[in-house]
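A short worksheet on the structure shown next.
A note on names: the letters A, B, ... follow the listed sequences, proteins ahead of strands, and every chain is numbered from 1. Heavy-atom basis, side chains included; hydrogens, waters and symmetry copies ignored.
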Amino acid sequence: SQTIHQWPATLVQPVGSPLSLECTVEGTSNPNLYWYRQAAGRGLQLLFYSVGIGQISSEVPQNLSASRPQDRQFILSSKKLLLSDSGFYLCAWNLRGFVNEQFFGPGTRLTVL
Amino acid sequence: AQKVTQAQTEISVVEKEDVTLDCVYETRDTTYYLFWYKQPPSGELVFLIRRNSFDEQNEISGRYSWNFQKSTSSFNFTITASQVVDSAVYFCALSEDTSYDKVIFGPGTSLSVIP
């Protein structure tokens, strides 16, 4: 069966510090991978998605970036965090090639102080 | 452009009551897919159902049922005999066949089931 991992689970960082969130998927190959952000009490905002190694599509211009160094690894980064980067970050995957449901990781709760 | 509207921001019901969560979508594609997800307080989104645009048959799964009506562009979700464990945020979502890599989520409906 497939599983998706995210770490860390929670993170408190000062403004201006760097960020690295990691997501890995097990039990499948060539998945589509997604990063979402959910601000407190709000809906899901798609940040990045990837259909393959090194292929990143950005949905919202911001000070965040994403990378996919391996087939089942997706990393969300920032060089300098802003207060507005606080939120709940969710990674998701689905099968490539046709429409199907996404499966979500447990999320990382980021607080920028 | 694709869009998903969930007009009910918050709903509170007493345990054992039935509750319907509304979802209205907009799309120009003739082929599209609709989803419902549940987000319990733990935060992880749980997939509930997928429905494609060619299948208007309603579905029932235990206490959950879904009513898909293309004529009104709606995909409503009903919980029968609600329980406290149903308390969560529920998201309706849409994916078009022409951009199948992306899913557009509605703003969510927060359901509180009071014992």
Side-chain angles (χ1 to χ4, degrees), chain A residues 1-11 21 23 30-52 55-60 66 68 74 87-111, chain B residues 1-10 21 23 25 27 29-55 59 61 66 75 88-112:
Chain A
S1 64
Q2 301 87 6
T3 55
I4 178 169
H5 304 279
Q6 286 186 247
W7 63 90
T10 60
L11 192 59
L21 303 181
C23 170
N30 305 315
N32 292 327
L33 295 171
Y34 305 82
W35 277 113
Y36 292 88
R37 177 170 61 199
Q38 185 178 31
R42 306 287 293 277
L44 293 167
Q45 179 187 37
L46 178 62
L47 301 176
F48 301 95
Y49 71 96
S50 171
V51 299
Q55 301 179 59
I56 308 295
S57 296
S58 174
E59 290 297 300
V60 182
R68 185 170 176 174
F74 205 22
F88 189 52
Y89 288 81
L90 287 156
C91 182
W93 74 274
N94 67 359
L95 294 174
R96 188 182 303 174
F98 53 95
V99 176
N100 54 85
E101 55 273 19
Q102 295 180 0
F103 297 96
F104 286 79
T108 294
R109 198 163 300 279
L110 171 66
T111 303
Chain B
Q2 51 181 334
K3 182 180 179 182
V4 177
T5 302
Q6 294 179 258
Q8 304 149 309
T9 305
E10 296 182 2
L21 309 181
C23 173
Y25 61 92
T27 177
D29 277 19
T30 56
T31 303
Y32 53 89
Y33 302 79
L34 297 163
F35 308 83
W36 275 96
Y37 287 84
K38 174 182 179 180
Q39 186 179 37
S42 62
E44 183 174 341
L45 267 78
V46 177
F47 165 74
L48 296 178
I49 189 172
R50 175 183 64 175
R51 175 67 72 218
N52 71 55
S53 54
F54 298 111
D55 183 3
E59 180 155 343
S61 176
W66 291 269
F75 187 42
V89 179
Y90 291 86
F91 292 95
C92 182
L94 164 71
S95 185
E96 296 173 331
D97 195 41
T98 53
S99 59
Y100 56 81
D101 294 329
K102 295 195 294 183
V103 176
I104 300 299
F105 284 83
T109 296
S110 178
L111 173 65
S112 296

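A pairwise comparison of heavy atoms in B:Phe91 and A:Gln38 identifies CZ-NE2, 3.4 Å as the closest pair. Summarising the geometry of A:Phe88 relative to B:Gln39, their closest heavy-atom pair is CE2-NE2, 3.9 Å, with the distance given to 0.1 Å.
Of the possible polar contacts, one joining the B:Tyr37 side chain to the A:Gln102 backbone as a donor-acceptor pair under 3.5 Å is found.
With contacts defined as side-chain heavy-atom distances shorter than 4.5 Å, the pair B:Leu45/A:Leu44 qualifies.
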Side chain to side chain contact (heavy atoms under 4.5 Å, CB included) between A:Tyr49 and B:Val103, worked out:
CA-CA 11 Å; A:Tyr49 71 96; B:Val103 176; over 6 Å; no
